[in-house]
Amino acid sequence: MSSETRAARERSASGDLAIEVIGLGKLYPVYDRPVDRLLQMLWRGRRRYYREFHALDDVSFALRRGGTLGIIGRNGAGKSTLLQLICGTLAPSVGTVRVAGRIAALLELGAGFNPEFTGRENVLINAAILGLGPAEIAARLDQIFEFADIGEYVDQPVKTYSSGMYVRLAFAVAIHVSPDILVVDEALSVGDAFFQARCMARIRRMLDEGVTLLFISHDIAAVKALCNEVLWLDRGRVRAHGPTDRVAALYTRDWVEQANRAAVAPGAAVAPNARSSDSGSAGGGAPARAAASGAGGDAVQADSDPSLAPIPQTGHERGGDGRARFVAAGWRTPSGPAQHAVVEWGERLTIEAELRIVSPCERLVLSYHVKDRHQQHLIGGHTGASAQFYGRVWRAGERVRVRFSFAVPLHEGAYTLSLLVASIADLASYSDAVFLDWVEDLSLMHVAARRPFPLSDLVELEHEMVVEMVQSGDDAELAGAR
């Protein structure tokens, strides 16, 4: 770690900032031939024998204490480089990083572990590096090993560990050194599902205690669940930075456009993008898999229904190639159609959507997605099981109305509705989808408090229940008397 970086860490970040990044850049020289590296050394900078690769270029942001920042982007966008610069394992080419507080980081798998040392020895070394004294380490050692739960392997060289054992031990150390800032770089994706759940629960507890979080993940649902704001990196530069729902929506729209460029529906060329969007409140998250199994909706040919509210041309994140467009949509409750529905658990609810075909298309699947205030997808459905919808060759000018009806399984809260329609060549493979239209957060639903027994879960399914007495109180008394 350079003296400049160490000095920056020792200075308190301005105000209540935990991390401040100003004009950060990381440049690597790229040599086309091995001899060019030697020539560069001989000429000592008077001539240049390399190309410049900017892993990061002019990145700036600030994160307050107790804040949670998700960092997203495609592979090679510079996410891991940024975290390494913040943690001090890399020195920046330009710019400044200021960090206030102790950092515990899970960067690339096994980083900081000596493969020849045992797990126990690596824990002792890493805890000392992170600033714990001998007495503190001794007091927390059993807790670390208990959380890692790798048994007798703790006294084996870590070079014998599986990837899951690596991350178990690394995460256990990181959370038990009382960090002010926790940095997680995709490491949890290699753990088993049970351990991932334990880690997420512990991270949430640490956030409640005021720990600052920097979180990298390709799982946009995890980012939305944990992070209040998101930084989107694209080829080393900041593409967007702001509230999670807004940036995640922009990222999803870009994902839709990328998917459309990568795939073309059978028998039809992808039309120029015809999206209509603005910066109004928008949700995020990749559309749920329209080709997943589920009940299809009722599809009928229809003229425009005046009871359905038309979809505004602005005010929603929207994408797709434009060959089909949603023209109206909303909820229908027992009291009638509504853009803002107020319902109760178990009440019958219908989602209606009217679609206009702009140019010929086929193999269409229409789906709906209901999300909570954290933009987490909770329930959804699609027309994949409807041969009437999927098997039809659609002609320009046709209109169709689809209705999905179900008993509300959600508990108290506010929820939004998103719709998408895609051409999917193979219902068994979502990768073949071409998105025609996709509209985020077009209607709001409020579910009233569940009575008389509310649960902490968001979703409560209707179910069959059997209560069977195995032994009555009288039987129990008789058995005790014997």
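Between atom NE2 of residue H54 and atom OH of residue Y28 there is a gap of 12.5 Å, rounded to the nearest 0.5 Å. Note that CZ of F215 and CG of L226 are 5.5 Å apart. Values are rounded to the nearest 0.5 Å. Taken from CG in D142 to CZ in F147, the straight-line distance is 15.5 Å, to the nearest 0.5 Å.
By the 4.5 Å heavy-atom criterion applied to side chains, L410 and V370 are counted as neighbours. Using a 4.5 Å heavy-atom threshold, the side chains of F404 and V402 count as touching.
With sequence neighbours excluded, no residue forms a side-chain hydrogen bond (donor to acceptor under 3.5 Å, both in side chains) with S93. Not a single side-chain hydrogen bond (donor to acceptor under 3.5 Å, both in side chains) links S456 to another residue, sequence neighbours left out. Remark: W331 engages no residue in a ring-ring contact (aromatic ring centres under 6.0 Å, His included) (not counting sequence neighbours). When the side-chain contact (heavy atoms from CB on, under 4.5 Å) test is applied to T81, the partners found at least two apart in sequence or on another chain are K26, A55, L56, L85, L90. For N228, the side-chain hydrogen bond (donor to acceptor under 3.5 Å, both in side chains) partners at least two apart in sequence or on another chain are T68. Legend: residues meeting salt bridge (Lys or Arg N to Asp or Glu O under 4.0 Å) with D57, ordered by chain and number and at least two apart, are R237. A139 pairs by the side-chain contact (heavy atoms from CB on, under 4.5 Å) definition with nothing, not counting sequence neighbours. Considering only residues two or more places apart in sequence or on other chains, R120 meets the salt bridge (Lys or Arg N to Asp or Glu O under 4.0 Å) condition with D155. For the salt bridge (Lys or Arg N to Asp or Glu O under 4.0 Å) test, no residue two or more places apart in sequence or in another chain qualifies with D180. Under the salt bridge (Lys or Arg N to Asp or Glu O under 4.0 Å) criterion, D58 pairs with no residue, sequence neighbours left out.
The environment of OH in Y153 is sparse: at most 12 heavy-atom neighbours from other residues, nucleotides or ligands sit within 6.0 Å. Under a cut-off of 6.0 angstrom, the local environment of CZ in R102 is crowded, with over 12 non-hydrogen atoms contributed by other residues, nucleotides or ligands. Heavy-atom neighbours of F145 CZ from other residues, nucleotides or ligands within 6.0 Å: above the threshold of 12.
Between K159 and E116 there is a salt bridge, since at least one side-chain N of the basic residue sits less than 4.0 Å from a carboxylate O of the acidic one. Using a cutoff of 4.0 Å between basic side-chain nitrogens and carboxylate oxygens, E440 and R253 are not scored as salt-bridged.
In this structure, W232 and Y251 have perpendicular ring planes: the angle between them is above 60°, well past the 30° mark. Between Y166 and F113, the two ring planes are parallel [angle under 30°; tilted spans 30° to 60°].
Sorted by first then second residue, the side-chain hydrogen bond (donor to acceptor under 3.5 Å, both in side chains) pairs that include residues 200-217, not counting sequence neighbours, number zero.
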Check against salt bridge (Lys or Arg N to Asp or Glu O under 4.0 Å), K79 and D185: CA-CA 8 Å; K79 306 184 297 296; D185 181 3; over 6 Å; no
Run the side-chain donor-acceptor check on residues 338-345: report pairs under 3.5 Å with partners two or more places apart or on a different chain.
{"from": "Q339", "atom 1": "OE1", "to": "S443", "atom 2": "OG", "distance (Å)": "3.4"}
{"from": "Q339", "atom 1": "NE2", "to": "L442", "atom 2": "O", "distance (Å)": "3.3"}
{"from": "Q339", "atom 1": "NE2", "to": "S443", "atom 2": "OG", "distance (Å)": "3.3"}
{"from": "W345", "atom 1": "NE1", "to": "E460", "atom 2": "O", "distance (Å)": "2.8"}

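A distance-only check finds no donor-acceptor pair linking the side chain of D441 to the backbone of T416 [under 3.5 Å].
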